Structure formats: C-alpha cells, structure tokens
Amino acid sequence: MAGPARLRKVHSVEEIHDIARRRLPRTVHDFIEGGAEDELTIGRNRKALQDLRFAPRTLVDVSTRSQETTLLGTPVSSPIVLAPVGLAGLAHPSGEVAAARAASAMGVISTLSSSASWSLEDVAGSSTGPKWFQLYIWRDRDLTRQVIERARAAGYLALCVTVDVPVSARRQRDLRNGFVIPPRPRLRQAGDLVRNAGWFARLAKSELSGHGLGMANFTAEHLGVRDRLHMFDLVNELFDQSVTWDDVAWLKSVWGGPVVIKGVMTSEDARRAVDSGADAVWVSNHGGRQLDGLSGTAEVLPGVVAEVAGQAEVYLDGGVRRGSDVVKALALGARACMIGRPYVYGLAAGGQAGVERVLSLMRTEIDVAMALLGRPTLESLDETALTSHR
Ligand SMILES: Cc1cc2nc3c(=O)[nH]c(=O)nc-3n(C[C@H](O)[C@H](O)[C@H](O)COP(=O)(O)O)c2cc1C
C-alpha cells in the first residue's frame with residue numbers, strides 16, 4: 001500500500017492508476033478497467049471530453065474562487081461525486097468504507113453500490129458524510145423493497161436507480177479471465193500469485209473471517225443462486241429484465257425521498273425520467289461497461305440538459321480523469337460529475353488516503369482550470385467557456 005509520502009509524489013489520476021495496476025492481480029485490474037466487447041464506448045467517453053476546447057476570458061478578477069455547490073439540496077465542497085462501484089473490496093479490504101470516509105473527509109458525496117462488498121449499514125455507520133444509495137431492481141421485489149427500506153433507515157439521502165443493466169454486457173476481459181464472484185485464484189494466474197502475494201493472502205483472510213469479497217447486501221442463499229458465478233450469469237439470474245418506467249412510481253413511493261435515474265443516454269429518456277418523477281438525471285453509459293458502440297457521455301449531455309433544464313439536476317460520468325473534464329461538463333450544463341475508476345485506483349493505491357489524494361488532485365485541477373478560464377464561480381461557468389459552443 002502506498003503511504004502518504006508516496007501518494008504526495010503523484011500528481012494525476014493516471015499516476016495513481018500506475019500504482020494500482022502494479023498492486024492488483026491482472027484479473028482484478030481487468031475487472032475494474034474493462035468494458036463491454038470492443039471497449040469502443042470507453043474510448044468515446046474520453047474522446048468526447050478531450051475534444052471539447054476552452055475559450056478563456058482573461059483579465060478577470062479570479063482572486064476569490066469557489067467550487068462549492070449543492071446536490072439535491074446537500075452542500076458539497078466540490079462538484080464531484082463518488083459513483084457506485086460494486087465489489088470495491090477487491091481493490092482494498094476497507095473498500096466502500098474507505099471510499100465513504102474519504103468522501104466525508106473531503107466534503108463530497110459517495111454513492112454506495114447495491115453490489116458493494118460492505119453492507120449498507122456498515123458503510124452508513126463508518127462516517128458522517130452525505131451518502132447516496134444505488135439500486136439494481138432484482139426479480140425478487142420483496143428483497144428490492146427490503147433493501148430500499150434498509151437504505152432509508154440507514155440515512156442515505158438519495159436513491160440512484162441504475163437503468164442500463166437489464167442484462168449484463170459481455171466483458172471480454174472477464175470472460176477470458178474466467179472472473180467469478182467471489183474471486184478464486186486460478187492456475188493460469190500463477191504469475192499473479194507470486195507478484196501479488198499480499199493481495200491473495202488478504203483474499204484468503206477475508207474469506208476465513210466471513211467477510212468475503214462477495215456482495216454484502218445479500219447472500220447467495222438469500223437469492224437462491226449457486227456459489228461462485230460469472231458476473232454475466234449472476235446479473236442475468238438476479239436482475240429483473242421486465243422493469244419499465246412505470247416502476248419508477250413504485251420505487252419513489254417505497255423510498256419516499258429524491259430519486260436519481262442513472263444510465264440515461266438520450267433526451268427522450270431524460271424526458272421520461274422527469275415525467276416519471278425523477279429529481280435528477282445521471283447521464284452515464286456505465287463507464288463503457290454495458291452497451292458497446294454508444295456515444296461519449298459528453299456528446300449527449302447538451303441534448304439532455306436542453307430537455308430537462310430547470311426540472312431536474314443533470315450529472316455526467318464516464319472518462320472523467322481531470323478536474324478540467326469536470327469543468328467542461330459543467331460548462332455544458334451538468335451540475336456535477338461522478339467518478340468511478342479513478343477512486344478505485346486510489347483505493348488500490350492507498351485505501352482511504354488514496355481516494356482522498358484523487359479527490360484533492362481533481363479539486364485542485366478544477367480550481368486551476370476555473371482561474372485560467374476567468375470563471376471563478378460555478379455560476380459564471382456556461383457554454384461560452386467552450387469554443388465549440390460559441
Ligand atoms: C468496477 C466497476 C464496478 C461498477 N459497479 C457499478 C454498480 O454496481 N452499479 C452502478 O450503477 N454502476 C457501477 N459502475 C459504473 C460506475 O458507477 C460509473 O458509471 C462509471 O465507472 C463511470 O465511468 P468511469 O469509471 O470512467 O469514471 C461500476 C464501474 C466499475 C468500473
């Protein structure tokens with residue numbers, strides 16, 4: 001694990017990724033990094049952000065700057081949110097607990113995946129910071145209802161319903177690696193076993209202690225599924241493929257608080273989300289892990305913003321690796337950006353301190369970009385800050 005001194009010497013998400021890559025077994029890194037089929041959508045996410053270019057205003061007084069904002073009424077220090085990442089315990093034993101503590105320390109929101117390796121109660125009790133809960137709708141509606149009620153009782157502030165996983169995509173890397181949950185060392189990973197002996201020792205220890213690297217919010221017996229499963233089979237056995245927009249009203253009534261629809265990629269779906277009662281629309285293609293061949297999220301963002309402006313908050317994720325990416329998305333009308341893989345790299349590199357380093361680097365980059373753009377406040381950041389939109 002990289003100590004604080006080592007972490008202070010890295011100056012970008014990509015450098016933290018380099019540390020993470022060295023610390024994780026190949027199959028685990030592939031699980032985190034990989035996308036569906038030919039990984040075209042992953043590439044489009046980065047390209048769409050990189051293709052946007054700034055139009056700076058010079059000689060503006062930028063001596064006082066702020067990136068504070070509110071998300072669904074909750075004040076945050078920066079427009080960055082930790083996206084839900086299932087099985088974050090694969091990256092670090094403290095997984096989602098460490099991520100939530102880092103977010104809390106940095107004054108931002110963390111979103112817990114319903115497929116987390118720590119239970120929602122453990123994560124809720126581990127820090128005082130604001131948290132959202134992400135939901136997959138399972139075939140077993142009673143179980144779905146119970147999880148929503150547990151999340152409400154535990155104090156989660158918003159329910160993020162992920163709508164882009166009716167079935168699991170085919171992730172080539174996981175299929176090739178024979179990635180199963182909970183993970184199991186395989187003979188063909190013998191090289192990994194030697195290189196990452198510490199990681200495998202941790203796997204054995206956590207399985208012995210009963211806190212395995214599976215999904216903590218439900219157990220296999222709970223759902224009547226077989227022991228070790230490929231992600232593909234697990235999702236296809238558990239998730240309800242018949243969910244429609246009509247179910248959002250049911251979710252809202254069970255939850256009773258703000259609902260965010262995560263996985264919107266068209267203005268039509270953004271409209272349906274708002275008409276179904278959503279309080280926020282999360283533009284996402286699951287970080288390129290679901291349908292391959294989609295646009296980059298920054299390409300579809302302006303259409304979504306135009307459709308629901310003033311009726312719902314709009315967020316974006318997918319390929320956000322620099323503070324300047326956040327600034328670009330905000331210029332196009334997003335209220336915040338979510339990050340997935342970047343903070344998982346932080347977890348793998350240094351646990352809570354690693355996630356804090358990622359957040360602090362991105363916050364600094366946002367601050368510098370705002371100053372250089374001549375837009376010292378989030379209110380002053382609009383589409384005039386980008387050349388392609390002038
Ligand atoms: C390893 C991994 C696991 C994920 N698990 C979930 C999940 O359980 N639920 C969900 O809604 N999204 C999940 N996502 C998608 C993220 O919430 C987010 O949409 C995506 O990571 C954003 O792209 P980025 O990784 O390029 O930042 C996962 C992403 C990764 C990388």
Side-chain angles (χ1 to χ4, degrees), residues 13-14 16-17 20 24 27-36 39 41-50 80-92 95-96 99 109-118 120 123 132-138 147 158-166 168-169 171 173-174 179 181 183 213-218 231 234-235 238-239 260-265 282-291 294 296-298 315-322 325-326 329 334 336-348 355 358-359 362:
V13 166
E14 204 37 50
I16 295 181
H17 186 187
L24 294 172
T27 46
V28 173
H29 181 262
D30 273 352
F31 166 68
I32 293 163
E33 196 62 10
E39 303 189 342
T41 306
I42 293 186
R44 298 290 308 190
N45 280 344
R46 276 304 295 141
K47 186 166 185 318
L49 285 164
Q50 284 170 332
I80 307 178
V81 174
L82 301 189
V85 166
L87 296 173
L90 290 172
H92 185 276
E96 294 84 0
I109 294 171
S110 62
T111 313
L112 183 72
S113 163
S114 48
S115 309
S117 33
W118 282 81
L120 66 92
V123 174
W132 292 351
F133 185 74
Q134 176 268 326
L135 181 79
Y136 285 125
I137 303 172
W138 296 321
V147 167
L159 186 71
C160 305
V161 184
T162 300
V163 295
D164 55 9
V165 191
S168 170
R171 292 186 205 131
R173 302 193 205 201
D174 294 347
F179 183 79
I181 300 165
L213 291 178
M215 297 179 184
N217 285 306
F218 55 88
M231 185 62 125
L234 185 78
V235 166
L238 297 187
F239 292 12
V260 182
I261 302 292
K262 174 177 187 282
V264 169
M265 282 297 288
W282 183 330
V283 176
S284 173
N285 51 35
H286 219 101
R289 294 165 77 79
Q290 281 298 106
L291 183 59
L294 284 169
T297 48
Y315 316 129
L316 171 138
D317 76 16
V320 173
R321 299 292 180 269
R322 290 276 186 190
D325 295 330
V326 177
C337 282
M338 281 57 175
I339 52 169
R341 294 178 185 89
Y343 82 86
V344 184
Y345 306 150
L347 269 181
V355 180
V358 167
L359 286 168
M362 292 185 83

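Whatever order the structure lists ligands and atoms in, that order sets their numbers, starting from 1. Fair warning: this is a prediction, and the values are worked out from it, not measured in the lab. Residues take their numbers from the sequence shown, with the count starting at 1.
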* Of all the atoms in ligand 1, which lie at a distance below 4.0 Å from a heavy atom belonging to Ser284? -> 19 (O)
* Say whether Glu33 and ligand 1 are in contact under the criterion: heavy-atom distance to a ligand atom below 4.0 Å. => no
* Structure fact -> Residue, atom and distance of the protein heavy atom nearest atom 19 (O) of ligand 1 read Asp317 OD2, 2.6 Å
* **Any N or O of Gly86 closer than 3.5 Å to N or O of ligand 1** => yes
* Asked: Could you go step by step and tell me if Arg46 and Asp325 meet the salt bridge (charged side-chain N to carboxylate O under 4.0 Å, His left out) rule?
  -> CA-CA 9 Å; Arg46 276 304 295 141; Asp325 295 330; 3.0 Å; yes
* Which atoms of ligand 1 sit under 4.0 Å from any heavy atom of Gly318? -> 22 (C), 23 (O), 26 (O)
* Asked: Tell me: protein heavy atom nearest atom 14 (N) of ligand 1, and distance?
  -> Pro84 O, 3.3 Å
* Within the structure, does Gln134 bring an N/O atom to less than 3.5 angstrom of an N/O atom in ligand 1? -> yes
* Asked: Among all protein non-hydrogen atoms, which one is nearest to atom 27 (O) of ligand 1, and what is the separation to 0.1 Å?
  -> Gly340 N, 2.9 Å
* Asked: Which protein non-hydrogen atom lies closest to atom 8 (O) of ligand 1, naming both residue and atom, and how far is it?
  -> Ser113 OG, 2.7 Å
* Any N or O on Trp282 sitting closer than 3.5 Å to an N or O of ligand 1? -> no
* Give the contacting part of Cys160 toward ligand 1: side chain, backbone, both or neither, where contact means a heavy-atom distance below 4.0 Å. => neither
* To do: Indicate, as side chain, backbone, both or neither, the part of Arg341 found under 4.0 angstrom from ligand 1 when only non-hydrogen atoms are considered.
  => both
* Structure fact -> re atom 11 (O) of ligand 1, the protein heavy-atom contact at minimum distance is Thr162 OG1, 2.7 Å
* To do: Select one of side chain, backbone, both or neither to describe which atoms of Arg46 lie under 4.0 Å from any atom of ligand 1, heavy atoms only.
  => neither
* Structure fact -> When distances are taken from atom 7 (C) of ligand 1, the protein heavy atom at minimum range is Tyr136 OH, 3.2 Å
* Should the pair Trp282 and Tyr315 be assigned to parallel (<30°), tilted (30 to 60°) or perpendicular (>60°) ring geometry? -> perpendicular
